[in-house]
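None of these values were measured; they are calculated from a predicted model. Basis for what follows: all heavy atoms, side chains included, without hydrogens, waters or symmetry-related copies. Numbered from 1 within each chain, the chains take letters A, B, ... in sequence-line order.
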Number of protein chains: 2
Amino acid sequence: MTVSRAFRQDTSVGKKTRDKILRIAENLGYVFDSTASNLRSQRTGFVAVTIPSLNNANFADTVRGLNETLLEYGLQILLGYTNYKVENEEHLIEQLLRRRPEAIVVTGGRHTRRARRLLENAGIPVVETWDIPQDPIGHIVGFSNADAMSQMVEHLHDVGARRPTFIGGDDNGDTRGADRRQGFVAAAQALGLDYHLLSLGAPPVSMREGARAMGEILDAQDGTDAVVCVSDLAAFGALSECQRRGVKVPEDMLIAGFGAFDISDISTPAISTIDAHAYEIGATSGALLAGLLRGDPPIPNTPTITRLSPALKVARSTSAKM
Amino acid sequence: MTVSRAFRQDTSVGKKTRDKILRIAENLGYVFDSTASNLRSQRTGFVAVTIPSLNNANFADTVRGLNETLLEYGLQILLGYTNYKVENEEHLIEQLLRRRPEAIVVTGGRHTRRARRLLENAGIPVVETWDIPQDPIGHIVGFSNADAMSQMVEHLHDVGARRPTFIGGDDNGDTRGADRRQGFVAAAQALGLDYHLLSLGAPPVSMREGARAMGEILDAQDGTDAVVCVSDLAAFGALSECQRRGVKVPEDMLIAGFGAFDISDISTPAISTIDAHAYEIGATSGALLAGLLRGDPPIPNTPTITRLSPALKVARSTSAKM
DNA sequence: GTGAAAGCGCTAACAA
DNA sequence: TTGTTAGCGCTTTCAC
């Protein structure tokens, strides 16, 4: 009936009729039932999103960026998190696809075989973020974690580091962390540095783990003069441990992080980091999808690659030794 | 047909038949369409959740607690954030209710009149969290922000504070912040302390704002000997500013936060805080809803009040002056 | 600008 | 254990 039209924007209904309908509906306490609408129109207005963790300001920023862009197009995020486990991701993707999202945004480029197949066969736009996968499923909005980390190692070399240690988590499930470690190793080797690697168990590697790692390093007295952390949270933990023990940063130890978390520029000293532009990853993905799903004329669905350039942010924690 | 039954847990289908159906479905790339199921069965499996901000470890923990409990009951969270604005909340609630969630969990007890009406008329269980509203809509899982803060002020008084300053944001939209301020004032007055209030604009009040506030306090030289912050993030910012200026904590300045964020016990010195049990708020709400929605026998839907007791965590940042 | 008929893909209820 | 019928509340299509 006309009521249906009145509840939509574009359709042709007499202004008076519409106002009357909406007023009566409000009084009746009627709430539009989108489940029926979704079924009939075959559009849910959902964009499914998977992130490793809710409790991470970087991914939260990406979701914010996505949400703010999608909101204008009447698209709503259906969010799930994987706890950095690809098996969880598979199950999550399966559940999300049942809800018939119009697109899906996943974090990272590594998936179980079945998850991959589900994504490929879903018949909706797929965006992989925070990474540049070798073998992309659909669109990409990401950056090279390895290159970004290499850049940091080069910077550390420039300011006098000769024996850097990398602090990160296990590789399982956290490809971004693994890529960062790999970038660290590649650069350290290229520069002929005597480097170390310290692994701290399953991600997320947080403040406490960073502190613990720094404790181990200082106990070992292995000559480490710089510490490169998989994230700013670990870096802050490491910094904190140094301060607890009276080790001066940057004089006696250089510390670098990743992610440009708030803590990196409020801590004393501020921590050098890589700004991966988390918000932009979301905003860019959102704009891409909005164009694909709501665009007039519809943009052809050929996979795009948006390669963002992380920014090296140098701060006091890696100031030149002299 | 039998296929429908095969995709559910409980129903009676021959084991062989079910396996065969599921196998064939997998090969065909069939994905169950829950939009149709939702419409017909009038159950979506959604629980709508609104939080002020994604970018806050406290609310993220609450959502985790909710999710982990609800997951077992086949319920999925439909998450939205309000940016601490009740007008946004109203719009968000309206959008979420269109999706026909089976329950809704909101943060706080203050809502626009229309949002209230929407919640009351939704015909589903409503849970208000992180607060003990005067005039509850449905269930409550929360605590008194004011009492918790009063407890902190009493502790500060015990360790020698005589002129505490409260650092928080504007009251608009952030009732929890406002309640904490009120608890601060109440306790300070009861103890006869000479207190100050510093307001920093719209929430969220984060690290940077905390640092700025501490800067103002130190510049003013108003005799402030203790700073009580609306959250640990602000408290850490304040601590950081002290360190930058060579003001010793706790010797020259006591600092207290709220929320038991990671930073509070990794910073040097560790920051005294209130653990509001964010995760438990979510887990408790989830268990309550699971019981209501999936419980056998169904629990009568009389509003419950679960009052949690925040824990005062004393750390070095408020150690006795002597 | 408005109405009538058909149907989206499931599941409830009943029958076999 | 399996099949049949009807219908969830919208939107699409077409007629007026």
Side-chain angles (χ1 to χ4, degrees), chain A residues 1-46 48 73-76 78 94-102 118 121-124 293-294 296 298, chain B residues 1-46 48 73-76 78 94-102 118 121-124 293-294 296 298:
Chain A
M1 84 145 132
T2 307
V3 176
S4 174
R5 280 189 264 260
F7 272 87
R8 281 177 287 168
Q9 316 291 343
D10 50 347
T11 45
S12 48
V13 183
K15 169 127 180 58
K16 283 196 167 180
T17 328
R18 165 171 283 146
D19 289 351
K20 190 174 166 190
I21 290 174
L22 293 181
R23 192 166 39 76
I24 295 176
E26 185 75 22
N27 289 340
L28 286 172
Y30 167 83
V31 176
F32 182 89
D33 187 337
S34 69
T35 62
S37 166
N38 296 339
L39 175 60
R40 174 65 239 224
S41 64
Q42 300 291 54
R43 305 179 90 186
T44 56
F46 276 136
Y73 294 87
L75 294 163
Q76 185 169 56
L78 196 52
E94 185 173 16
Q95 293 304 315
L96 292 173
L97 289 178
R98 289 178 163 213
R99 302 276 184 188
R100 293 294 185 269
E102 298 184 35
L118 286 168
N121 296 338
I124 54 175
L293 298 173
R294 296 283 185 267
D296 280 322
Chain B
M1 84 145 125
T2 308
V3 176
S4 175
R5 280 189 262 260
F7 272 88
R8 280 177 286 170
Q9 317 290 343
D10 51 347
T11 44
S12 47
V13 183
K15 170 129 180 56
K16 283 195 168 180
T17 328
R18 165 169 285 145
D19 289 350
K20 190 174 165 190
I21 290 175
L22 293 181
R23 191 167 40 77
I24 294 175
E26 185 75 24
N27 289 339
L28 286 172
Y30 166 83
V31 176
F32 181 89
D33 187 337
S34 68
T35 61
S37 166
N38 296 340
L39 176 60
R40 172 66 238 224
S41 64
Q42 300 291 53
R43 306 179 90 184
T44 56
F46 276 136
Y73 294 86
L75 294 162
Q76 185 169 56
L78 196 53
E94 185 172 17
Q95 292 305 314
L96 292 172
L97 289 179
R98 290 178 163 214
R99 302 277 185 187
R100 293 293 185 268
E102 298 184 34
L118 287 168
N121 296 338
I124 54 175
L293 298 174
R294 296 284 185 268
D296 280 321

Should A:Q95 and A:R98 count as side-chain neighbours, where that means a heavy-atom distance under 4.5 Å?
-> yes
Of all the nucleotides listed (C:dT11, C:dT2, D:dG9), which has the minimum atom distance to the side chain of B:Q42?
-> D:dG9
Using a cut-off of 4.0 Å on non-hydrogen atoms, how would the nucleic acid contact of B:T35 be classed: base, sugar-phosphate, or nothing?
-> nothing
Is any side-chain N or O of B:S41 closer than 4.0 Å to OP1 or OP2 of C:dT11?
-> no
Minimum-distance nucleotide to B:R8 side chain [options: C:dG3, C:dT11, D:dC8] = C:dT11
Among C:dC10, D:dC10, D:dT12, the nucleotide that comes nearest once only the side chain of B:D33 is considered | C:dC10
Looking only at side-chain atoms of A:Y30, point me to the closest of D:dC10, C:dT11, C:dG9.
-> D:dC10
Report the residue (B:A36 or A:N38) whose heavy-atom-nearest nucleotide on DNA chain D is the more 5′ of the two.
-> B:A36
May I have the step-by-step check of side-chain contact (heavy atoms from CB on, under 4.5 Å) for B:L97 and A:F32, ending in yes or no?
-> CA-CA 8 Å; B:L97 289 179; A:F32 182 89; over 6 Å; no
Euclidean distance, atom CZ of residue B:F32 to atom P of C:dT11 [Å, nearest integer] | 4 Å
Just compare C:dG9, C:dT11, D:dT11 and give me whichever is closest to any side-chain atom of B:S4.
-> C:dT11
Of the non-hydrogen atoms in A:L96 and A:P101, which two are nearest, and what is the gap between them?
-> O-CD, 3.2 Å
Between CD1 of B:I21 and P of D:dT1 the distance, given in whole Å, is 13 Å
Could you state the atom-to-atom distance from CZ of B:R18 to P of D:dT2 in whole Å?
-> 10 Å
Donor-acceptor pair under 3.5 Å, A:R5 side chain vs C:dG3 base = yes
Within a strict 4.5 Å, meaning less than it, do heavy atoms of the B:L75 and B:E102 side chains meet?
-> yes
Quick one: B:R98 CZ to D:dG9 P, roughly how many Å, whole number?
-> 16 Å
Between CZ of B:R43 and P of C:dC10 the distance, given in whole Å, is 18 Å
Is it true that a side-chain atom of B:R18 and a backbone atom of B:R5 form a donor plus acceptor pair closer than 3.5 Å?
-> yes
Nearest to the side chain of B:R40, which nucleotide is it out of D:dT11, D:dC10, D:dG7?
-> D:dG7
